[in-house]
Amino acid sequence: MKRSVILVAIAAALGLSACTSTPTPTPDTTATSAATSSSAPSSTAPPPAVVTTVVTQTVTNPPPQPTKPVIDSFGYGPLKLGMTLQQALDTKLIAPDLLSPPDGACTGHRILGTDHSVAISKKLGVASITFTPEMTSDGVGIGATEEKLKAEYTNLRPVGPNYTWAADADNNPAATFVFGVHKEKKTLWAAYLALKNQDCHN
C-alpha cells in the first residue's frame, strides 16, 4: 500500500515537471538571412564597355587646273615680249614649226590652242602677239566690235595707214596695242600687242 503511494507521488512529480518545462526557442532564420544579405558584397554586373571606332578616309583632291593665260601689257601669260625664241618655246605656248619661211629678221609661230600667232625677231625676241577676245580678260580682240574696243581702251589714238587705232600699254612704256577695224562691219580684223620698236611687220 505504501509502495503504491510512493509511485503515484513520483509519477505526479514527473508530470508536473513536464508541464512546466520551457520549450527550446527556434532560431530566427529570417533575421539571419537579412543580415547576411546586407553584409554580403553587391553582385550587380558592371556597365558594358563603350567601344569607339574611328574610321579614317583618305580623300584625294584633283590637282588644281593651270591658270589660263591672258593678254596683258607685257605678253600672254608666261609668254613675254622680248623673250628669245628658246625662252618662248620653253613656255609651251607656241609651236616650234614656222608658219611661213623666215624673212631673215623674224619667224612666225602659232599660239597653241588658237589660230593666231606670235612674231619673234632674231634681234629683239618676241616682237608681237596677236589675240582674240577669248585670250583676254576684257573681251577685246579680233572679232570684237569697235564699240567694245572704245569702251575698254580709253587712251586710243588714230594710226595709219595700215591700222586704225593704237593705245599705249599700261605700265609698260616699251609696248603698244594696235587694232585694225573693218569700216563696214565695225569689228576688229587685227589686234596685237607689240614692242614699239618691233621689226617684224608694219
Side-chain angles (χ1 to χ4, degrees), residues 58-103 105-159 162-182 185-202:
T58 302
V59 178
T60 303
N61 293 322
Q65 295 298 315
T67 303
K68 180 182 177 181
V70 294
I71 290 287
D72 59 25
S73 296
F74 298 90
Y76 178 54
L79 178 64
K80 305 298 184 183
L81 292 174
M83 277 185 167
T84 66
L85 172 59
Q86 187 57 55
Q87 289 173 329
L89 290 171
D90 289 344
T91 67
K92 309 299 183 184
L93 289 176
I94 67 170
D97 301 333
L98 302 180
L99 290 176
S100 59
D103 61 5
C106 302
T107 57
H109 301 264
R110 182 174 62 86
I111 300 172
L112 296 176
T114 76
D115 293 327
H116 301 284
S117 63
V118 56
I120 301 179
S121 166
K122 293 180 179 179
K123 178 182 178 180
L124 302 173
V126 175
S128 68
I129 304 170
T130 60
F131 57 91
T132 62
E134 293 75 22
M135 298 167 64
T136 70
S137 60
D138 57 19
V140 173
I142 297 172
T145 64
E146 185 177 27
E147 181 182 8
K148 177 66 173 176
L149 170 66
K150 290 181 177 180
E152 298 295 337
Y153 288 79
T154 58
N155 59 339
L156 291 171
R157 63 180 185 277
V159 294
N162 297 324
Y163 298 96
T164 312
W165 300 103
D168 293 334
D170 293 339
N171 303 313
N172 185 3
T176 186
F177 289 95
V178 179
F179 305 98
V181 180
H182 286 289
K185 296 180 180 180
K186 299 299 180 181
T187 57
L188 304 185
W189 62 266
Y192 64 85
L193 171 70
L195 292 173
K196 287 182 177 179
N197 62 341
Q198 60 87 17
D199 57 356
C200 292
H201 50 80
N202 295 326

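Values below: every heavy atom of this structure, side chains too, minus hydrogens, waters and symmetry copies. The first residue in the sequence is number 1, and the count goes up from there.
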Requested in this report: Using the side-chain contact (heavy atoms from CB on, under 4.5 Å) rule, pick out the option among V118, L195, T91 that qualifies with V126.
Outcome: V118
Query raised in the report: Can you tell me if N171 and S73 form a side-chain donor-acceptor pair at under 3.5 Å?
Result: no
Query raised in the report: Just checking, any donor-acceptor pair under 3.5 angstrom between side chains of E134 and T132?
Result: yes
Query raised in the report: Does a sphere of radius 6.0 Å around NZ in K185 hold more than 12 heavy atoms from other residues, nucleotides or ligands, not counting ones at 6.0 Å or beyond?
Result: no
Query raised in the report: So does N197 have more than 12 non-hydrogen atoms from other groups sitting under 6.0 Å from CG?
Result: yes
Side-chain donor/acceptor of [X] to backbone N/O of [Y], under 3.5 Å:
X    : Y    : result
T136 : I71  : no
N155 : D168 : yes
K123 : A105 : no
S117 : H109 : no
Q87  : T84  : yes

Ignoring hydrogens, what is the shortest heavy-atom contact between [X] and [Y]? Give both atom names and the distance.
X    : Y    : result
A166 : V159 : CB-CG1, 3.5 Å
W189 : N162 : CZ2-O, 3.4 Å
A127 : C200 : CB-SG, 3.7 Å
A175 : L81  : CB-CD1, 3.6 Å

Query raised in the report: Parallel under 30°, tilted from 30 to 60°, perpendicular over 60°: which one fits the rings of Y163 and Y192?
Result: perpendicular
Requested in this report: Measure the OG1-CD distance between T187 and E146 for me, rounded to the nearest 0.5 Å.
Outcome: 9.5 Å
Report task. First locate atom CG of L93, then atom CD1 of I129, and finally report the distance between them rounded to the nearest 0.5 Å. Result -> 9.0 Å
Report task. Starting from the C-alpha separation in whole Å, work towards a yes-or-no answer on salt bridge (charged side-chain N to carboxylate O under 4.0 Å, His left out) for K148 and D138. Result -> CA-CA 9 Å; K148 177 66 173 176; D138 57 19; over 6 Å; no
Requested in this report: Show your working on ring-ring contact (aromatic ring centres under 6.0 Å, His included) between Y76 and F131 and close with a plain yes or no.
Outcome: CA-CA 9 Å; Y76 178 54; F131 57 91; 9.0 Å; no
